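First listed ligand is number 1; within each ligand, the first listed atom is number 1. From a predicted model like this one, the values you see are computed outputs, not experimental measurements.
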Amino acid sequence: MVGGAAAAAGSTHNERADYRPRLHYVPPTGFMNDPNGLVFFAGEYHLYYQYNPAASIMGNVHWGHAVSTDLLNWRTLPTTLAPTLAGLVFSGSAVVDHHNTSGFFSDGGGGIVAIYTRAAADLQTQEIAFSGDAGRTLTPYGHNPVIDRQSSQFRDPKVFWHAPDERWILVVVEARRHQVLFYGSADLKAWTLLGEFGHAGLLGVDYECPDLVCLPVEGGGERWVLIVSINPGAPLGGSAVQYFVGEFDGKTFVAEDAVTRLMDFGKDFYAFQTFANVRETIGIAWMSNWQYANDVPAWPSRGAMTLPRRLGLRRVRDDWRLVQRFPDLTPQVARTLVDGTRPSGSGVLLEQALTPGAALEIQLQVELPSAELFTLSFVNEAGEQLDVGMDAGPFGGLYIDHHRTRGFEQRYFVKRLSHASLPGTRTMDLHLILDRSSLELLGEQGAAAATALYFASAPFSLLRLVAGGGRALVPRLLIRHLRDIPSAAGG
Ligand code: FRU
């Protein structure tokens, strides 16, 4: 977000309750952006988030709060951190202070400590807050801020425990100078600057929401990955998440090549953050883009989160690819529509009726012995269509095309997205989650990812699998309807 003026562009008359996601977390009212304070504690996953409780446009920023035991079914809890005279509560993270290094937890046990940005018009500082009641309330520390550089663009702290050096590491950005800064601390209160990274990669106007994770490489070994959101100025416009692959020596991050890579080839994946206190690396992103986040139809709140994504890393020729996976959605299945059929041929291979509006999971493998194009087309009674396809041509690859949906138009709302595959690619695996108004797509065994909002004027009622220009076969096909999560019912 640049400045605070975005709120002025928004409106609340543009409401369509039938766009409200059914599988993705949304707050009951207000406006939500970045996931914050993602942490697992005492059997619960916590999702705090940038939240305006008073209106469905950006501004008046609090930390909203939801909890879940399975990362899918979220329960909204009372809003926690609130604006003060010192400013709004911008993005940040949370950790479990198991050994009471902070001294906040007098009984000697651990608890949650949140680290966030206090944002005034001309000053951004880092503050901490603690919770002795399993995250329900976050009490700001009495001697905040804990870091003040007299900077107006210094934000989005992400903290993790660095076991080799036995200290906390805080990763934060000097947004407009395009620097990622690394601080160290023994107690989460006194922080020392250890290193800097940048400027590097795509700069955009601001660096935002950094995260640093150590990922297993498929086939062995590990690498550190530095994740940096940029906004505005992404290749498709507005907001995007890039990452760098390299090493972290406990003080600073060094990229191992000069390549910038994007986490997602869609336009609606931003401010990705990973969970603290979990064994695998799992994170969530905000499913929108600052270029139109205040303008998309409200349901009546605005803003949704992606499904959780588990991260890994793969070496592909001379390149690195972040690998993303959806969680196993089997416990969420309401009805399996197709499993075990192997459609093949040319033209229309399959037509499947859908329960209009229900969330859908599709997993498939496709081979194109002679077809040039393979498409999954979702169609509705208004004659609108959303396509997910694979183009086997020399400039092809994966694509999403929802230009034949008419529910929302705006200058920056892009309806055609594509990802280049290696020329000659004739097999593809796809895993997609279609909810009302959002599509999440993974291909190339998780190495290609796209997240896209879409707005059709009626729900899709039919799925058509089509092979164009020759034969295609689908050796694996699984289509399942997924149950609504409780928050979709207004809870
Ligand atoms: C990213 C961001 C952060 C900031 C927050 C304000 O979307 O602009 O940099 O902390 O949103 O809501």
Please could you name the atoms of ligand 1 that [X] approaches to less than 4.0 Å, counting only its heavy atoms?
X	value
Met58	6 (C), 12 (O)
Asp156	3 (C), 4 (C), 9 (O), 10 (O)
Tyr270	1 (C), 7 (O)
Asp34	1 (C), 2 (C), 3 (C), 5 (C), 7 (O), 11 (O)

Classify the side-chain pair [X]/[Y] by whether it contains a donor and acceptor separated by less than 3.5 Å.
X	Y	result
Asp268	Tyr292	yes
Ser239	Asn231	yes
Tyr48	Tyr116	no

Relative to ligand 1, is Ser91 under 4.0 angstrom through side chain, backbone, both or neither, heavy atoms considered?
both

Could you see which bit of Asn33 sits under 4.0 Å from ligand 1, with heavy atoms only: side chain, backbone, both or neither?
side chain

Could you establish whether Thr117 and ligand 1 come within less than 4.0 Å of each other, counting only heavy atoms on the residue side?
no

Residue from Thr306, Ile227, Asp264 passing side-chain contact (heavy atoms from CB on, under 4.5 Å) with Phe272:
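Among the candidates, only Ile227 passes.
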
Considering residues at least two apart in sequence or located in another chain, which fulfil the side chain to side chain contact (heavy atoms under 4.5 Å, CB included) criterion with Val323?
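Val323 satisfies side chain to side chain contact (heavy atoms under 4.5 Å, CB included) with Glu218, Arg314, Arg325 only.
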
Got an N/O contact under 3.5 Å between Arg155 and ligand 1?
yes

Short N/O distance, under 3.5 Å, between Gln50 and ligand 1?
yes

Just list the side-chain donor-acceptor pairs under 3.5 Å for residues 398-407, sequence neighbours left out, or say none.
unit_1 : atom_1 : unit_2 : atom_2 : d
Asp401 : OD1    : His403 : N      : 3.1
Asp401 : OD1    : His403 : ND1    : 2.6
Asp401 : OD2    : His403 : ND1    : 3.3
His402 : NE2    : Leu453 : O      : 3.4
His403 : ND1    : Arg416 : NH2    : 3.1
His403 : NE2    : Arg416 : NH2    : 3.2
Arg404 : NH2    : Asp387 : OD2    : 3.3
Thr405 : OG1    : His402 : O      : 2.6
Arg406 : NH2    : Ala382 : O      : 3.2

Do the side chains of Glu409 and Lys415 get close enough for a salt bridge, i.e. N-O under 4.0 angstrom?
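The answer is yes: the pair qualifies as a salt bridge.
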
